[in-house]
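Structure, as structure tokens:
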Amino acid sequence: MTPRARLWLVCLGGGGLAALLVAACLRLPAFGGLWHPYGDRAVRTSLARHTANTVASVNFDQRAFDTMGEMTILFGAVLGCVVLLRQARDEHRDPPEPREVVPPVRRYALIVLPVALVTGLYVIAHGQLSPGGGFQGGVVAATSLHLMYLGADYAALERIRPVEAYEIGDALSASAYLLLGLAGVLTGTAFLANTLLPYDTFNTLSSGGTVPLLNAAIGVEVACAVVVLLARFLDQAVEIEEAKGEMSAP
């Protein structure tokens, strides 16, 4: 395909998409109005399946298939970064020397680290009950570990962040999401249908059927993916050097 034909293809595709988006926006309910068909149906379905957080019900029940696509995008992005940022033949690892950390920064980082980690796990565990969930809690939990880099040094971070284990955790959690979807098919319903477990008592940790399980799978997948992603970029910035001793570009 020539560059000119490629340009025309992009313009036609982009123009068609823009027209559809404009048409959709023109048909939206008026801001502040009383007619919210999608929201009313989402809330009604969320309450019927004992999920207190309607957003979690939409993400992991009503539109769980879309969430699987978002998870796949993140998984593919991390996999691409791992491949692109792997150590090349003309590069070698040079472990960094320990750095002096200002005492106030060290104290702050080491005190906040467990608080941030527990907060991230709490957000994941209560995703079906309150604002937050697997995506938000996974990012908080993953980034909290990197306070060790600020409070101590890179070697300390590596001891609590074995990258290979997080790579396995990323793959296993993504597989768990798919297996929960297939379990619905095997029981005679539909892929990712919320029919495997009882909905239980409203506003409890076990409520919502499969919503807590799918939310937990996403939380682990996001946390592991972010840890692996940051690890590869930090390796490039801190450890991996070219043969001549020059720092290689990420």
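Just one residue in the list His50, Gln62, Arg49 forms a side chain to side chain donor-acceptor pair (under 3.5 Å) with Ser57, and that residue is Gln62. Partner Ser207 forms a side chain to side chain contact (heavy atoms under 4.5 Å, CB included) with one of Leu205, Thr204, Val211 and no other, that one being Thr204.
Counting non-hydrogen atoms of other residues, nucleotides and ligands closer than 6.0 Å to OH of Tyr108 gives a total of 12 or fewer. Counted within 6.0 Å of OH on Tyr122, heavy atoms from surrounding residues, nucleotides or ligands total 12 or fewer; the atom is thus considered open. Within 6.0 Å of the CZ atom in Arg4, the count of heavy atoms belonging to other residues, nucleotides or ligands does not exceed 12. By the neighbour-count criterion of 12 heavy atoms within 6.0 Å, atom CZ of Arg41 is sparsely surrounded, having that number or fewer from other residues, nucleotides or ligands.
The shortest side-chain heavy-atom distance between Tyr149 and Val101 does not fall under the 4.5 Å cut-off. In this structure, the side chains of Leu197 and Leu213 come closer than 4.5 Å at one or more pairs of heavy atoms. Under the 4.5 Å side-chain criterion, counting only non-hydrogen atoms from C-beta, Met148 is in contact with Leu110. Leu214 is listed as a side-chain neighbour of Leu192, based on a closest heavy-atom distance under 4.5 Å.
Applying the ring-ring contact (aromatic ring centres under 6.0 Å, His included) test to residues at least two apart or on different chains, none of the pairs has a partner in residues 205-232. The ring-ring contact (aromatic ring centres under 6.0 Å, His included) analysis of residues 207-232, with sequence neighbours excluded, yields no pairs. Within the structure, salt bridge (Lys or Arg N to Asp or Glu O under 4.0 Å) pairs that include any residue of residues 165-192 comprise Glu167-Arg232 (at least two apart or interchain).
The aromatic rings of Phe60 and Phe135 sit parallel to each other, their planes meeting at less than 30°, with 60° as the upper class boundary.
Within the 3.5 Å criterion, the main-chain N or O of Ile124 finds a donor-acceptor partner in the side chain of Asn215. Checked by atom type and distance alone, the side chain of Gln128 never pairs as donor or acceptor with a backbone atom of Asn53 at under 3.5 Å. Of the possible polar contacts, none joining the Ser46 side chain to the Ala42 backbone as a donor-acceptor pair under 3.5 Å is found.
Here the closest non-hydrogen pair linking Val226 and Val139 is CG2-CG2, 4.4 Å. When all heavy atoms of Ala116 and Ser144 are compared, the pair lying nearest together is CB-CB, 3.5 Å. Of all heavy-atom pairs between Ala56 and Gly127, the closest is CB-O, 3.3 Å. For the residue pair Val228 and Val78, the shortest heavy atom distance occurs at CG1-CG1, 3.8 Å. What you find for Gln236 and Leu85 is that their closest heavy atoms are NE2-O, 3.0 Å. Scanning all heavy atoms of the two residues, the minimum distance from Asn203 to Ala52 falls at OD1-CB, 3.6 Å.
Separation of atoms CG (Leu157) and CG (Leu234) is listed at 7.0 Å; rounding is to 0.5 Å. One finds the CD1 atom of Ile111 at 11.5 Å from the CG atom of Leu147 (value rounded to the nearest 0.5 Å). Rounded to the nearest 0.5 angstrom, Leu229 CG and Leu79 CG are separated by 11.5 Å. For the atom pair OG1 of Thr54 and CG of Leu47, the computed distance is 6.0 Å after rounding to the nearest 0.5 Å. Here the CG atom belonging to Leu145 is positioned 10.0 Å from the CG atom belonging to Leu230, to the nearest 0.5 angstrom. Tyr154 OH to His146 NE2: the interatomic distance, rounded to the nearest 0.5 Å, is 8.0 Å.
Residues that satisfy the salt bridge (charged side-chain N to carboxylate O under 4.0 Å, His left out) test with Asp66, not counting sequence neighbours, are Arg63. In this view, Ser173 satisfies the side chain to side chain donor-acceptor pair (under 3.5 Å) rule with no residue, not counting sequence neighbours. Pro162 pairs by the side chain to side chain contact (heavy atoms under 4.5 Å, CB included) definition with Ala165, Tyr166, not counting sequence neighbours.
By the rule that hydrophobic residues join a cluster once side-chain heavy atoms approach within less than 4.5 Å of another member, Phe65 and Ile218 end up as members of one cluster. In the hydrophobic clustering of this structure, Val43 groups with Phe202; members are Ile, Leu, Val, Met, Phe, Trp, Tyr whose side-chain heavy atoms approach within less than 4.5 Å, directly or through other members. Using a 4.5 Å cut-off between side-chain heavy atoms of Ile, Leu, Val, Met, Phe, Trp and Tyr, with links allowed through other members, Leu129 and Val123 fall into different hydrophobic clusters. Each of Leu180 and Val220 belongs to its own hydrophobic cluster when Ile, Leu, Val, Met, Phe, Trp and Tyr are linked at side-chain heavy-atom distances under 4.5 angstrom. In this structure, Val227 is a member of the same hydrophobic cluster as Leu113, with clusters built from ILVMFWY side-chain heavy atoms closer than 4.5 Å.
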Please report the C-alpha distance between Thr72 and Tyr177 in whole Å, then the side-chain angles of each, then the deciding distance to 0.1 Å, and finally whether the side-chain contact (heavy atoms from CB on, under 4.5 Å) criterion is met. CA-CA 10 Å; Thr72 304; Tyr177 195 99; over 6 Å; no

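For the residue pair Asn194 and Thr210, a side-chain donor N or O sits within less than 3.5 Å of a side-chain acceptor on the partner.
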